[in-house]
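Position 1 is the first residue of the sequence, and the numbers go up from there. Ligands are counted one by one from 1 in listed order, and the atoms in each one are counted from 1 as well.
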Amino acid sequence: MKHALKDKTVVVIGGSSGMGLAVAKKSLLSGARVVIASRSRDKLKAAAAQIGGDVHWQVADTTDEASVSDLFERLGAVDHLVIPGSSVKTGTLRDMPLAEGLYTMQSKFWGPYLCAKYARINPEGSITLFSGILSRRPGRNDTVLASVNAAVEAMGRALAKDLAPVRVNVISPGMTAGTGAYLKMPESAREEMFTAIARRLPAGRVGRPEDIADAALMLMANGFITGIVLDVDGGGLIA
Ligand SMILES: NC(=O)c1ccc[n+]([C@@H]2O[C@H](COP(=O)([O-])OP(=O)(O)OC[C@H]3O[C@@H](n4cnc5c(N)ncnc54)[C@H](OP(=O)(O)O)[C@@H]3O)[C@@H](O)[C@H]2O)c1
């Protein structure tokens with residue numbers, strides 16, 4: 001499996017931050033041709049500079065069907081598509097406007113759906129979707145995100161049949177530091193939250209983007225895994 005990604009094309013939607021950035025870095029180190037895509041040109045440029053090697057970038061917004069279809073038209077056939085890119089809104093059942101729930105579904109479910117619809121993946125290639133631990137361990141005020149994550153997991157299983165022999169899998173991350181997810185929180189509150197969660201987890205720490213990237217590279221490389229949800233959560237589901 002060591003050279004499985006050599007000279008393969010890996011496209012990372014959401015490759016400018018967090019888990020996607022880590023997937024892009026590790027794929028490049030494994031000898032892949034890497035394309036990162038997201039909405040912000042500035043973020044993509046900064047990420048490409050940080051990655052350092054011969055990484056390509058494309059502006060694309062998965063909430064816009066024309067943008068997704070243009071992206072894959074430009075890219076042509078690719079080997080692996082990894083889709084951590086999404087943005088979500090959270091809030092209480094009573095107070096969150098429906099439009100924000102619909103936005104979350106649009107970004108995290110229909111975005112990857114459109115990518116699967118328009119991407120041309122070579123037969124030995126794969127798609128990796130991203131859900132999250134909340135699908136099966138929701139906390140309070142997680143109704144929308146828990147439901148969207150569960151929908152992504154169901155989509156992964158169904159696409160694995162529709163797109164076979166292309167393999168389709170889902171990574172369900174647990175709480176992961178070093179991503180864009182918690183940047184709106186004050187730093188001290190964020191670190192306190194990570195410490196409190198780490199105490200409860202069997203792994204004794206929260207995730208790092210590299211943990212998730214290692215799982216994504218394994219799913220791309222292993223030709224006999226399809227239709228699964230891989231929990232990369234430090235034991236969060238059993239905690
Ligand atoms: N971090 C966690 O603790 C955690 C836990 C469970 C599940 N997850 C899931 O894991 C995945 C990755 O999370 P992360 O925390 O690594 O994310 P992140 O650091 O916030 O990065 C999100 C990436 O997606 C891009 N993006 C957002 N909306 C997009 C759109 N409509 N079209 C194209 N690109 C878009 C962003 O760039 P632009 O702003 O330039 O578009 C950015 O590159 C997400 O699906 C997230 O829900 C995360």
To check you understand the geometry: which heavy-atom pair defines the closest contact between I121 and S126, and what is its length? CG2-N, 3.8 Å
Sort out the contact shell of ligand 1: every protein residue with a heavy-atom distance below 4.0 Å, listed by chain and number. G14, S16, S17, G18, M19, S38, R39, S40, K43, A60, D61, T62, T63, P84, G85, S86, S87, K108, F130, S131, G132, P173, G174, M175, T176, T179, G180, A181, Y182
With sequence neighbours left out, what residues match Y182 under ring-ring contact (aromatic ring centres under 6.0 Å, His included)? F194
Would you call the rings of Y113 and F109 parallel, tilted or perpendicular, where under 30° means parallel and over 60° means perpendicular? parallel
Between R136 and D231, is the closest basic N to carboxylate O distance under 4.0 Å? yes
Do any N or O atoms from the side chain of R137 and from the backbone of G236 form a donor-acceptor pair under 3.5 angstrom? yes
Is the closest basic N to carboxylate O distance between E124 and K8 below 4.0 Å? no
